[in-house]
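Proteins come first, then strands; the chains are lettered A, B, ... in the order of their sequence lines, and each starts at number 1.
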Protein chains: 2
Amino acid sequence: MSTQFSTKERILGAAEELFAQQGFGATSLRQVTSRADVNIAAVNYHFGSKENLVNEVFRRRMDDMSDHRLSMLNDARAQRPGELEAILAAFVEPALALAAGRNGGGAFIRVIARAYAEQNDGLRGFLSERYGHVQREFARAIADCVPGLAKEQLYWRLDFLGGALTYAMADFGLIRRPPGVDEQTHRRRAAEELIRFAAAGFRS
Amino acid sequence: MSTQFSTKERILGAAEELFAQQGFGATSLRQVTSRADVNIAAVNYHFGSKENLVNEVFRRRMDDMSDHRLSMLNDARAQRPGELEAILAAFVEPALALAAGRNGGGAFIRVIARAYAEQNDGLRGFLSERYGHVQREFARAIADCVPGLAKEQLYWRLDFLGGALTYAMADFGLIRRPPGVDEQTHRRRAAEELIRFAAAGFRS
DNA sequence: GTCTATATAGTGATAGAC
DNA sequence: GTCTATCACTATATAGAC
């Protein structure tokens with residue numbers, strides 16, 4: 001085994017960091033290949049085009065996070081049926097794990113935030129087509145926990161949860177990690193607070 | 001009086017729409033001046049640089065929205081003291097009014113969302129320096145309504161509110177405006193739902 | 001205040017040697 | 001699989017005529 005990263009992996013990692021900092025449009029392939037310390041032609045060899053590279057950057061992490069969410073959701077339904085907080089934890093904690101992880105996880109959360117803001121190109125469609133079933137699973141699970149909730153109200157509140165989660169995980173807001181607290185503890189605190197806040201909101 | 005827009009105003013309007021659609025980095029001054037139907041050199045004459053144009057696009061609307069928020073907050077505190085929902089309405093509804101307004105208001109909300117995602121350049125600092133006092137006013141007002149709330153918890157929840165608001169106003173989520181409902185009604189519904197959701201969260 | 005023309009640099013992508 | 005060299009374009013910014 002080897003601790004080396006392949007050219008392809010180095011390109012993906014560098015692209016992820018730069019996309020998060022500057023956006024897709026503002027990030028040039030030359031910046032990416034320079035940071036990855038590979039030749040400019042390598043990105044076209046491995047990915048074909050810049051747009052394809054953007055999609056690969058997403059797929060790599062989102063697939064993992066979606067699987068993580070669905071497996072936690074199944075556990076929650078099996079072991080703690082009818083408990084809203086467990087469902088919300090299955091939604092929130094994989095995002096937290098991603099954001100707190102090494103290898104630019106925090107950067108990736110900002111990439112997601114950007115993806116939503118870039119509403120015109122095919123990226124949003126790509127995300128909703130590929131991961132829409134995850135959202136629908138959670139909608140069903142939450143509806144089972146809050147029986148009287150109207151469908152439209154459920155969807156509004158899911159949107160609020162998604163927004164609050166994205167915002168908090170990306171460190172957009174007022175809250176900054178205090179000096180004495182490590183990253184993982186800080187993220188865990190965020191998850192606890194959000195689950196409590198959202199649970200009250202869904203039940204109101 | 002005239003219904004004409006000046007060159008400067010046309011540049012600002014076109015820039016706002018394009019920034020919202022594509023981001024700052026990906027939007028060229030040529031796109032801006034082409035849409036505004038002005039010469040490419042005009043933007044440098046009126047704004048000096050692209051970065052300055054970006055700042056002006058923000059300032060123009062954020063100043064109005066912040067004033068609107070503070071005036072509604074003062075009214076709420078005077079007329080409906082201690083009522084959390086009135087405070088939240090003062091925070092949420094000016095954003096809604098902006099998003100529902102003509103002249104690319106919906107686009108502008110996405111510009112704000114982008115500003116938060118672009119964490120590296122000076123834009124975030126510019127926003128927090130210029131509008132931080134508004135956030136602090138609302139923090140104080142909400143704290144007065146929910147006396148037992150710890151300061152840290154209050155800030156977490158303010159972040160959740162901000163995230164949910166941004167996300168919902170920008171139409172990022174699952175909820176789409178139904179065909180029979182006009183834009184303004186849809187936005188008003190969003191505000192009502194969010195105020196209810198957040199009020200329950202703050203009180204939990 | 002608006003225009004044309006242009007300086008200077010960076011862009012994505014590709015061809016072809018190794 | 002990686003390299004150099006280069007193509008055709010576009011970018012921001014500015015100089016100077018009107």
Fill in the blank from the handout: CG (A:L29) and OG1 (A:T33) are apart, to the nearest 0.5 Å, by 7.0 Å
Problem - More than 12 heavy atoms of other groups within 6.0 Å of B:Y155 OH - result: no
Practice task
Return no unless some side-chain N or O of B:S28 is found under 4.0 Å from OP1 or OP2 of D:dT10.
Solution key: no
Completion exercise
salt bridge (Lys or Arg N to Asp or Glu O under 4.0 Å) pairs touching residues 130-141 of chain B, sequence neighbours excluded, are B:D63-B:R130, B:R77-B:E137, B:E137-B:R140
Practice task
Could you check A:G48 against B:D37 and say which one's nearest nucleotide on DNA chain C is further toward the 5' end?
Solution key: B:D37
Exercise for the section: Could you tell me whether A:T27 contacts a base, only the sugar-phosphate backbone, or nothing, with contacts defined as non-hydrogen atoms closer than 4.0 Å? Expected result: sugar-phosphate
Completion exercise
Computed from five pairs at either end and rounded to 10 degrees, the angle between the axes of the helix from C:dG1-D:dC18 to C:dC18-D:dG1 is 0°
Exercise for the section: Would you mind checking if B:E183 and B:R187 are paired as a salt bridge, meaning a charged N to carboxylate O distance below 4.0 Å? Expected result: yes
Handout entry: Earlier contact from the 5' end, DNA chain C, for A:R30 and B:A42
Key = B:A42
Using distance only, find each side-chain donor-acceptor pair of residues 64-76 of chain A under 3.5 Å and give its atom names and separation, not counting sequence neighbours.
unit_1: A:S66; atom_1: OG; unit_2: A:M62; atom_2: O; d: 3.1
unit_1: A:R69; atom_1: NE; unit_2: A:F91; atom_2: O; d: 2.8
unit_1: A:R69; atom_1: NH2; unit_2: A:F91; atom_2: O; d: 3.1

Practice task
Answer yes or no: is there an ion pair linking A:R188 with A:E192, defined by an N-O contact shorter than 4.0 Å?
Solution key: no
Without placing hydrogens or testing angles, list every side-chain donor-acceptor pair under 3.5 Å for residues 39-49 of chain A, not counting sequence neighbours.
unit_1: A:N39; atom_1: OD1; unit_2: A:A41; atom_2: N; d: 2.8
unit_1: A:S49; atom_1: OG; unit_2: A:N52; atom_2: N; d: 3.3

Exercise for the section: Give me the first and last nucleotide of DNA chain C, going 5' to 3', that has any atom under 4.0 Å from a heavy atom of chain A. Expected result: C:dT11 to C:dT14
Fill in the blank from the handout: By salt bridge (Lys or Arg N to Asp or Glu O under 4.0 Å), B:E83 pairs with (sequence neighbours left out) B:R80
